[in-house]
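Note: hydrogens, waters and symmetry copies are ignored here, and every other heavy atom, side chains too, is used. Keep in mind that this is a model prediction, so the values were computed, not measured. Below, chains carry the letters A, B, ... as their sequence lines are ordered, and counting in each starts from 1.
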Number of protein chains: 2
Amino acid sequence: MDVRTLCLGVLHLGDATGYEIRKMFEEGLFSHCLEASFGSIYPALSKLAEDELVICRDERQSGRPDKKVYSLTEEGRADFKQAILQDLAEDKYRSEFLFVSVFADLLPQRRMSELVDRQIARMKLMAEETANSIAESDTAGMRFVNGFGQIMYEAAIKYLQENRHLIEKDADRKVQRTTPVLSHT
Amino acid sequence: MDVRTLCLGVLHLGDATGYEIRKMFEEGLFSHCLEASFGSIYPALSKLAEDELVICRDERQSGRPDKKVYSLTEEGRADFKQAILQDLAEDKYRSEFLFVSVFADLLPQRRMSELVDRQIARMKLMAEETANSIAESDTAGMRFVNGFGQIMYEAAIKYLQENRHLIEKDADRKVQRTTPVLSHT
DNA sequence: GAATCCCTATATTGGTCTGATATATCAAGC
DNA sequence: GCTTGATATATCAGACCAATATAGGGATTC
């Protein structure tokens, strides 16, 4: 699914500028499931305007550079409807933290603990964010996606807290589990 | 973290060819946390050999094209140890399925159900895979990473099963929850 | 016995996308 | 008054993926 289609999707939720579309992928609803940068969004919007799947109106603002507000056309709406019928790519979880965890024994004692602490802190922030977003979700689809994000972050936090000893060589405790705790709930 | 560093990491676990490194990202230990393709692995290995962070020996095989087996040098080992001390990028979850879920109401009735079914099936396969990998893990780090994968997939499956009605317009049931089930365990 | 298909193995390329950077204005804080 | 941060658009080098090419081996099918 290319950036073109992603833009059509965001515009389906309402008119927006390139800047606002970017924010949806950086902080908003889609930040937990997909991403796109300026370098791909702006060319995509130009191409979409050229193909008349969106229209662009300039909104002048006092002083500031003009806003280019994009709206879907009927063709754009149809194109998007078609696009989401295509086969979907598999989900991907990318984590440098997990990669480094494999090599925990190469790191200084405290470094790995610091990484785990940071990881948990980040996840807690994310869990909170998605939890707040559920209340503000306009549609069932949005609630579904935010809810998914929330439970994933919470599951991750729980695992990290229960299994961090596996990658931390705690010199104090002599007897430790060597297999992960896999809470089946 | 670039492909260069990822290759050093894989080679840290033992000598390997470019093909084998690829497999580690496609099916192996790292498939659930990072990725790299031939188009980036081969150039990276050439560059690493040039910089003497790895050495390459040709292993002739009857008939087949020669294998190029790469091994870490001491410099390579040191370089990798340094690399994993740098700041880590945040985790990313990429999911076209979640993106499309937001637009569930644009899809034909059965299509969304089909997508959810497929999603659950895939997740079950992944959960099983990681579960099996735990037994075969050589180090605590590997068990930690595979264990993480397993509980994440299981959490996802549970959520999908409990909340799929949010994005499926089930014409039969009249009364439905409209907020996600968030099992706190 | 030969035809087809998949696996191993290396390598290249087109096109896409990220990350960094440039430009410009305004509001808020200090 | 000066710095920082947000809004807003835009470009570009470099990194990377997906697809494709090549080539022999073994397995399966007909």
Legend entry - Spacing between B:Lys67 atom NZ and D:dA23 atom C1', to the nearest angstrom: 16 Å
Inset, instruction - Pull out every residue in residues 11-33 of chain A that has a heavy atom closer than 4.0 Å to any atom of DNA chain C, ordered by number, or say none. - result: none
Inset, instruction - Could you tell me whether the side chains of A:Asn146 and A:Thr130 share a donor-acceptor contact shorter than 3.5 Å? - result: no
Legend entry - Sidechain-backbone polar pair: A:Tyr153 side chain, A:Arg122 backbone, donor-acceptor under 3.5 Å: no
Legend entry - A:Tyr93 and B:Asp91 side chains, donor-acceptor separation under 3.5 Å: yes
Inset, instruction - Heavy atoms under 4.0 Å is the rule here; annotate nucleotides 13-18 of chain C 5' to 3' with B where the base is hit, S where only the sugar-phosphate is, and - elsewhere. - result: B---SB
Inset, instruction - For A:Arg57 and D:dA8, give me the distance from atom CZ to atom C1', rounded to whole Å. - result: 16 Å
Legend entry - Close aromatic pair by centroid cut-off 6.0 Å: A:His32 and A:Phe148: no
Legend entry - Verdict with supporting geometry, B:Ser113 and B:Glu168, side chain to side chain donor-acceptor pair (under 3.5 Å): CA-CA 6 Å; B:Ser113 298; B:Glu168 291 175 311; 2.7 Å; yes
Inset, instruction - Would you mind reading off the distance between B:Leu34 atom CG and D:dC16 atom C1', rounded to a whole angstrom? - result: 14 Å
Legend entry - A:Gln109, CD atom: more than 12 neighbouring heavy atoms under 6.0 Å: no
Inset, instruction - Using a cut-off of strictly less than 4.0 Å, decide whether A:Tyr42 has a side-chain nitrogen or oxygen near OP1 or OP2 of D:dT9. - result: yes
Inset, instruction - Would you indicate whether A:Gln161, at its atom CD, is surrounded by more than 12 heavy atoms from other residues, nucleotides or ligands within a distance under 6.0 Å? - result: yes
Legend entry - Test item: A:Asp2 side-chain N/O and A:Thr5 main-chain N/O as donor-acceptor pair under 3.5 Å: yes
Inset, instruction - State whether the side chain of B:Ser40 and the backbone N or O of B:Ala36 hold a donor-acceptor pair below 3.5 Å, judged by distance alone. - result: no
Inset, instruction - Could you identify which residues of residues 78-88 of chain B place a heavy atom less than 4.0 Å from some atom of DNA chain C, listed by residue number, or say none? - result: none
Legend entry - Under 3.5 Å: donor-acceptor pair, side chain of A:Thr17, backbone of A:Lys68: no
Legend entry - Presence of B:Lys68 side-chain N/O under 4.0 Å of C:dT10 phosphate oxygens OP1/OP2: no
Legend entry - B:Ser101 side chain vs B:Phe97 backbone, donor-acceptor pair below 3.5 Å: yes
